[in-house]
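Read through the structure below, which is laid out as structure tokens, and then see the notes.
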Amino acid sequence: MPFLSTITITSLCTYLSRQLSSLPKNSNLSHIPSKHRSQAVLLAQKALTDYFHSTRSLPFLYAEHIGRNSFYSLYDPISKVEFSLSSFAKSFERFLRYHPINEFEFFFESIGITQKEISGFLPPNKFFFAEDGRILNAAGALSGFGFPWNKLGILYKAEASIFDKDSDDLSRRLCRFKDYGLSNVSVIGICLAFPFVLGGKGDLGVEAGALFDDLKRVFVDFDLGSFVEENVDAWYEICRKIRLFYDLGCEKGKIGELMGRSRNIFLEYSEEVLVRKMDFFCRLNVRKAGIGLLLLECPEILSFDLEAPVISVMGFLKHFGLGLQKSKSVARMYPYVLGRNKMANLPHVMRALDLHEWFFGMMKNGNHRLLGNYVLSHPDEDLDEDYRVGLEKIQSSRTPAHTINKLNFLHGIGYGENLLTMKVLEHVHGTSSELQERFNCLLHAGLEFSKLCTMISFSAKILNQKPEILERKVNFLIQEMGLSLQYLDVFPAYLCFNLDNRIKPRYRCHVWLAENDNLFQNHFIFEIITRLSDLSSNMVDLFRISTKSSSFYFLCSCFSANTGIEF
């Protein structure tokens with residue numbers, strides 16, 4: 001049986017030339033003239049196929065799949081064989097006979113696992129299929145059903161247990177999926193998108209059964225399958241889109257009819273578009289399953305431009321029906337959010353206003369069209385002149401790009417185009433990605449989004465510290481001092497103080513005083529401390545020198561630590 005046709009050889013030479021050109025510059029193929037490298041690889045692939053089939057007794061089809069799809073694994077043995085166009089094929093065959101290869105390495109690359117990932121999947125102390133033939137037998141069963149050999153890695157990376165199964169059990173399980181009225185190609189697409197359905201034992205299991213009930217409704221009852229091209233890639237693509245809704249938390253077995261009625265979602269929109277729209281609503285920090293249901297029930301949302309439009313924050317709230325009194329309260333409590341912003345930042349604007357639940361509730365209650373038909377009431381609506389002047393100064397500065405990126409970070413967490421945002425901008429240092437990392441660190445520590453934004457507006461230098469430092473300070477506040485995060489609402493500057501040189505010593509003073517409260521019996525010292533805020537600095541110094549009392553230092557430290565007033 002010929003290994004390859006003339007046409008196939010020509011196309012493969014072109015493909016291999018591209019692959020060879022992408023090798024690292026230090027690749028040791030210098031012993032092969034560049035014009036012969038593609039041919040050398042083809043000869044090596046043929047020799048490898050013959051080795052697996054003739055020497056290792058693999059079925060020819062398996063041997064051919066591995067030989068043709070393991071280019072990078074072949075590179076190492078090729079580099080060890082002297083090259084001569086007339087004798088390279090025989091030399092390479094001889095090399096394989098006397099230098100056994102790790103067969104699993106070639107197999108894993110052939111099924112689509114990248115070279116960087118292979119080492120994590122190689123079975124320990126096993127080199128030959130004869131030591132564990134289950135993997136190859138399972139791959140053969142899947143390939144026999146119609147799975148593309150070079151896509152089996154998708155299944156292996158997700159559910160390696162599939163390849164421990166008996167080949168007959170796998171075949172029977174795949175045939176049971178067809179009982180739902182699905183073709184071989186559609187079953188393959190489903191399995192690639194939902195590998196867990198092949199991983200169970202015996203019966204399908206509740207979860208797999210519920211999934212196929214949904215998919216039968218979508219593909220058969222609502223006839224979505226007739227709009228999908230009869231090839232694996234098309235079915236895999238459509239099933240990946242469906243999986244996005246389950247990944248959001250939609251319950252399997254409950255949304256088949258809803259997906260069927262909204263089948264155009266999966267035909268008209270790419271996976272990338274669906275991911276972007278889902279991410280937009282996920283940034284509201286609401287229940288993710290609710291987001292999936294919203295998009296299925298109101299698919300027109302997917303056609304809305306949720307990135308480019310400019311919004312006026314107060315105008316948008318009015319558009320969605322927020323009452324006058326509530327609007328005034330919002331403007332008073334969150335002045336740094338006011339002004340204009342981009343639609344793309346709307347989810348975090350709502351979180352900064354603590355209105356994200358209200359906004360999502362409005363969407364679910366049938367007001368989603370308001371999101372699509374919003375426009376500025378007039379071109380100058382909510383333009384802030386002070387912000388415009390500040391922006392011009394940034395653009396004429398020495399490092400406009402760096403500063404604009406920091407400004408975009410502030411807009412991204414909900415700060416509007418206003419003077420307060422510009423004032424905060426003056427005090428934050430670092431790149432936009434560093435600022436985002438520090439902000440996320442405090443969110444993960446448990447601070448509420450809106451309260452954290454408020455804290456930054458009062459004490460922007462919070463964001464000038466590394467995440468690990470912020471984390472240590474928060475942990476000390478909670479675990480050592482026994483205080484809640486609500487303390488930071490009152491005194492956000494706590495996060496700006498040095499932990500080892502300021503916070504811990506003052507806290508030790510506080511603990512000492514609590515354990516030695518008899519010091520407060522000294523009425524004179526207590527009276528001085530209660531009046532410290534009224535004394536001039538000279539009087540304080542005079543009192544410090546005249547008393548020479550350690551109690552004075554302890555009490556001053558305690559007073560300062562609890563009020564933030566320096567002495």
Side-chain angles (χ1 to χ4, degrees), residues 61 111-112 134-267 271 292 296:
L61 193 59
I111 64 174
R134 292 174 301 173
I135 290 179
L136 193 61
N137 291 334
L142 294 167
S143 177
F145 187 81
F147 283 81
W149 186 275
N150 61 1
K151 289 189 184 299
L152 295 180
I154 296 172
L155 298 177
Y156 195 90
K157 288 191 288 185
E159 291 280 343
S161 63
I162 294 171
F163 291 78
D164 292 330
K165 288 180 174 294
D166 180 78
S167 57
D168 291 335
D169 289 342
L170 269 178
S171 297
R172 283 193 294 269
R173 195 174 186 85
L174 289 166
C175 288
R176 289 192 62 185
F177 296 154
K178 292 176 63 178
D179 293 341
Y180 285 88
L182 301 166
S183 65
N184 279 43
V185 176
S186 57
V187 168
I188 293 169
I190 292 168
C191 292
L192 289 174
F194 303 94
F196 80 91
V197 300
L198 287 172
K201 294 183 179 181
D203 294 336
L204 293 187
V206 176
E207 188 178 8
L211 173 66
F212 273 93
D213 286 340
D214 274 352
L215 297 180
K216 178 181 181 297
R217 292 286 286 161
V218 178
F219 292 131
V220 180
D221 298 347
F222 283 91
D223 200 30
L224 176 59
S226 65
F227 295 90
V228 183
E229 293 182 29
E230 198 64 12
N231 64 71
V232 170
D233 288 336
W235 275 96
Y236 181 40
E237 180 184 355
I238 209 86
C239 290
R240 282 174 60 92
K241 296 177 189 177
I242 289 174
R243 191 181 69 186
L244 292 174
F245 289 89
Y246 293 116
D247 289 345
L248 282 176
C250 293
E251 187 177 353
K252 296 179 179 71
K254 301 292 185 181
I255 60 170
E257 183 167 351
L258 194 54
M259 288 193 295
R261 295 187 185 282
S262 303
R263 68 184 186 186
N264 286 343
I265 287 177
F266 309 106
L267 298 172
E271 183 179 355
L296 289 173

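Between the side chain of Asp214 and the backbone N or O of Gly253, at least one donor-acceptor pair lies under 3.5 Å. Remark: the backbone N or O of Ala234 is paired with a side-chain donor or acceptor of Asn231 at under 3.5 angstrom. Ser262 contributes a side-chain N or O that, together with a main-chain N or O of Leu296, makes up a donor-acceptor pair within less than 3.5 Å. Arg243 places no side-chain N or O within 3.5 Å of a backbone atom of Phe194 that could act as its donor or acceptor partner. Between the side chain of Ser226 and the backbone N or O of Asp223 there is at least one donor-acceptor pair closer than 3.5 Å.
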Worked verdict on Phe177 versus Ile190 for side chain to side chain contact (heavy atoms under 4.5 Å, CB included): CA-CA 10 Å; Phe177 296 154; Ile190 292 168; over 6 Å; no

Trace of the side chain to side chain contact (heavy atoms under 4.5 Å, CB included) decision for Ile188 with Tyr236: CA-CA 8 Å; Ile188 293 169; Tyr236 181 40; over 6 Å; no

Stepwise side chain to side chain contact (heavy atoms under 4.5 Å, CB included) test for Phe163 and Arg134: CA-CA 6 Å; Phe163 291 78; Arg134 292 174 301 173; over 6 Å; no

CA sep, side-chain torsions, deciding dist, call: Asn184, Leu174, side chain to side chain contact (heavy atoms under 4.5 Å, CB included): CA-CA 8 Å; Asn184 279 43; Leu174 289 166; over 6 Å; no

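Using the six-membered ring where Trp is involved, Phe219 and Trp235 have ring planes that are perpendicular, over 60° apart on the 30 and 60° scheme. Between Phe145 and Phe147, the ring planes lie tilted relative to each other; the angle falls in the 30° to 60° range.
Residues Val197 and Arg173 share a closest heavy-atom pair of O-NE, 2.7 Å. In terms of heavy atoms, Ala141 sits closest to Ser171 at CB-OG, 4.0 Å. Ile162 and Ala138 make their closest contact through O-CB, 4.1 Å (heavy atoms, listed as atom of the first residue, atom of the second, distance).
Within the 4.5 Å cutoff, side-chain heavy atoms of Ile255 are placed close to those of Met259.
A salt bridge links Glu271 to Arg240: at least one charged side-chain nitrogen sits closer than 4.0 Å to a carboxylate oxygen. Comment: Asp169 does not engage Lys165 in a salt bridge, judged by the lack of any side-chain N to carboxylate O separation of less than 4.0 angstrom. For Lys216 and Asp221, the salt-bridge test passes: some basic side-chain N is under 4.0 Å from an acidic carboxylate O. Asp233 has a carboxylate O that lies under 4.0 Å from a charged side-chain N of Lys151, or vice versa, which qualifies the two as a salt bridge.
From Leu215, atom CG reaches atom SG of Cys239 across 6.5 Å, with rounding to the nearest 0.5 Å. Remark: Leu267 CG to Ile238 CD1 distance equals 5.0 Å, nearest 0.5 Å.
Between Phe245 and Phe266, the distance from one ring center to the other falls under 6.0 angstrom.
Listed by chain and residue number, nothing satisfies the salt bridge (Lys or Arg N to Asp or Glu O under 4.0 Å) test with Asp166 (two or more places apart in sequence, or in another chain). Not counting sequence neighbours, the partners of Arg261 by the salt bridge (Lys or Arg N to Asp or Glu O under 4.0 Å) test are Glu257.
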